[in-house]
2 protein chains.
Amino acid sequence: MSGFGEFEFIARLLAPLSKGHAGAFALKDDAAVIAPRAGHELVVTADALVAGRHFLESDDPALVARKALRANLSDLAAMGATPLWYMTSLVWPLGTDRALQARFVEGLKADQERFGLTLIGGDTTAGEGPFTVAVTAFGEVPAGKAVTRAGARPGDRLVVTGAIGDAGLGLALARGERALDGEAAAALLERHYLPTPRIALAPALREHARAAIDVSDGLVADAGHVAAASGLALALRLEDMPVSPAAGEWLASQPDEAAARLRLATSGDDYELACALAPERVDAFIAACREAGVEAKQAGIFGAGEGVTVSFEGRTLPVERGGFTHF
Amino acid sequence: MSGFGEFEFIARLLAPLSKGHAGAFALKDDAAVIAPRAGHELVVTADALVAGRHFLESDDPALVARKALRANLSDLAAMGATPLWYMTSLVWPLGTDRALQARFVEGLKADQERFGLTLIGGDTTAGEGPFTVAVTAFGEVPAGKAVTRAGARPGDRLVVTGAIGDAGLGLALARGERALDGEAAAALLERHYLPTPRIALAPALREHARAAIDVSDGLVADAGHVAAASGLALALRLEDMPVSPAAGEWLASQPDEAAARLRLATSGDDYELACALAPERVDAFIAACREAGVEAKQAGIFGAGEGVTVSFEGRTLPVERGGFTHF
């Protein structure tokens, strides 16, 4: 291929990203050595992105790198973990040139600086298929403090961070499916290409939440996973679902607000957090989120039973498809 | 696709493989929680296999699963680590049917039982390319006892476990490139499809070795990596390189034994260990290997300088290509 050789790619481009961790052995060894600090546990997650499915072949490789990292960081955030390290397994299409490889590594570098991560290992190969990026990310929590999906109790409130549906609208724009004017369109595209994992909220989550999930398959599906894992039902109120000004502009242009909000609630890749909180914790959690620069909003309630009921201004909506699945 | 849906595949086929670890949350959560035992560290490695490059499209998916696990276990073994957990990121070709997916999971199950592993997470998707399996594997070592590539000293002996070159000959047979008679051919094919990671030798490695690597790119290349990481030269004697009876049979049929041994020493996927040992530790290490059921043999010496000199019965051989690279 016209790109770097395997060893050169690792030594020249990737090894500098491993400097922050002695146990990465400058990516020259068979494996990395890691340990949590005393009194802590590690949280570990893996997510793979494939060109043509999770991003467009024509997307900037730096953005692909950053999105791959952020998808994993979002999973760590939902567990209340502080990110520490990551590994990448890369499958380059045959013939990928050096400039694209270097651009991908620029994206890794930008986000590892932004989020305080260090590359500790991985694998690099090439194949007769689309570019594939598998990331494994590691974070840390105080022992026993990881937030899972299964802890919600009847009466707990569903609180949702940030804004739902922007990434889905951004994807539609990226595909040229619909037009929206300049500023709003730019904001939505940014949220599609560069979602912000809510790792800044991990401490607040650990302190206040009984359960949480990151919203990657759509709010209805993901909040439903919390309900199911906790053995509960969920009543989700779409009028209370947080939306961005840009999505609000799009909503205003839609003939049926209930249907439009349902579309936002069933589109993927928001990377927001959906949390279950005891009623008396809601205000403190929302205040803690605000202090970290993120708005959060109460948008539902967990109760006995099963399944998700979605309503808009008191009217129950039929939900055909809860969210995105990757097959 | 005609296979299982993403959630069904995970819930029905993969979740049962996670039973051994409570922190895997039955694969229902965003991430897994892990920690080493007190006084220990974790060792973590990632390796991706792509159809058409690392295995044949027509290979039995169960063997592909086992080989993917074993490639990673071999890396853990080379660090002196005891394997504990693994994660898989799978990219299925569009249209893969359920029987193939189930067969793949059978392979995971067989080897996780054999090697005492538990599945703790991962990701499952589909794409317009070849089947891709990215594995991240986790092991444990007593704190500070991981064996790296960088610890060899001048005068240390190179000791090689098992037999070198079988997998390369097995690959040639699998491709129909050469004929060898029944029993020997079967043995070589087995070593190609199902290499044995030397995890049984991890304790002996930790006790005796100053440096080690697993032989995946060819003995010349990999032993050379130990020399380079340790800032040393290596003199490798091909007449002392351990070979199997089946490879011995092939060697006997070759016109030029030096060239034939060099081919064995530069073919990949042996998953043996190449170790640097102080001279006074060699006998104890070889005895400890034998106790664990594996022969090991002294086949070289590290010294001041750099590079690998390969000789056969006193004659230095020119080496054009040290081993396999994945680009």
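All chains are named by letter (A, B, ...) in the order of the sequence lines, taking the proteins before the strands, and each is independently numbered beginning at 1.
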Inset, instruction - Could you tell me whether Glu8(B) atom CD has more than 12 heavy atoms of other residues or ligands within 6.0 Å of it? - result: yes
Legend entry - Proximity of His21(A) and Phe138(A) rings by center, below 6.0 Å: no
Legend entry - Residue Ala134(B) versus chain A: region with a heavy atom under 4.5 Å: side chain
Inset, instruction - Could you check which of His40(B), His225(B), Lys28(B) has the highest count of heavy-atom pairs closer than 4.5 Å to chain A? - result: Lys28(B)
Legend entry - Contact origin within Ala146(A) toward chain B - heavy atom pairs under 4.5 Å: side chain
Inset, instruction - Examine whether an atom of Ala51(B) lies under 4.5 Å from a heavy atom of chain A, and if so say whether it belongs to the side chain, the backbone or both; otherwise answer neither. - result: neither
Inset, instruction - Could you tell me which of Pro36(B), Ala32(B), Gly129(B) has the largest number of non-hydrogen atom pairs under 4.5 Å with chain A? - result: Ala32(B)
Legend entry - Asp59(B)/Lys67(B) ion pair, N-O < 4.0 Å: no
Inset, instruction - Counting only heavy atoms closer than 4.5 Å, note whether Ser89(B) contacts chain A via side chain, backbone, both or neither. - result: side chain
Inset, instruction - Could you tell me which residues in residues 78-88 of chain B have at least one non-hydrogen atom under 4.5 Å from a non-hydrogen atom of chain A, sorted by residue number? - result: Ala78(B), Met79(B), Met87(B)
Inset, instruction - Report the option among Asp47(A), Val50(A), Val226(A) that has the most heavy-atom pairs separated by less than 4.5 Å from atoms of chain B. - result: Asp47(A)
Legend entry - Closest-packed option against chain A by number of heavy-atom pairs under 4.5 Å, given Leu42(B), Val33(B), Asp214(B): Leu42(B)
Legend entry - Step-by-step side-chain contact (heavy atoms from CB on, under 4.5 Å) determination, Phe9(A) to Val105(A): CA-CA 10 Å; Phe9(A) 175 72; Val105(A) 173; 3.9 Å; yes
Legend entry - Contact leader toward chain B among Val91(A), Ile213(A), Thr148(A), where contacts are heavy-atom pairs under 4.5 Å: Thr148(A)
Legend entry - Option in Ala46(A), Ala143(A), Gly122(A) with maximal non-hydrogen atom pairs under 4.5 Å from chain B: Ala46(A)
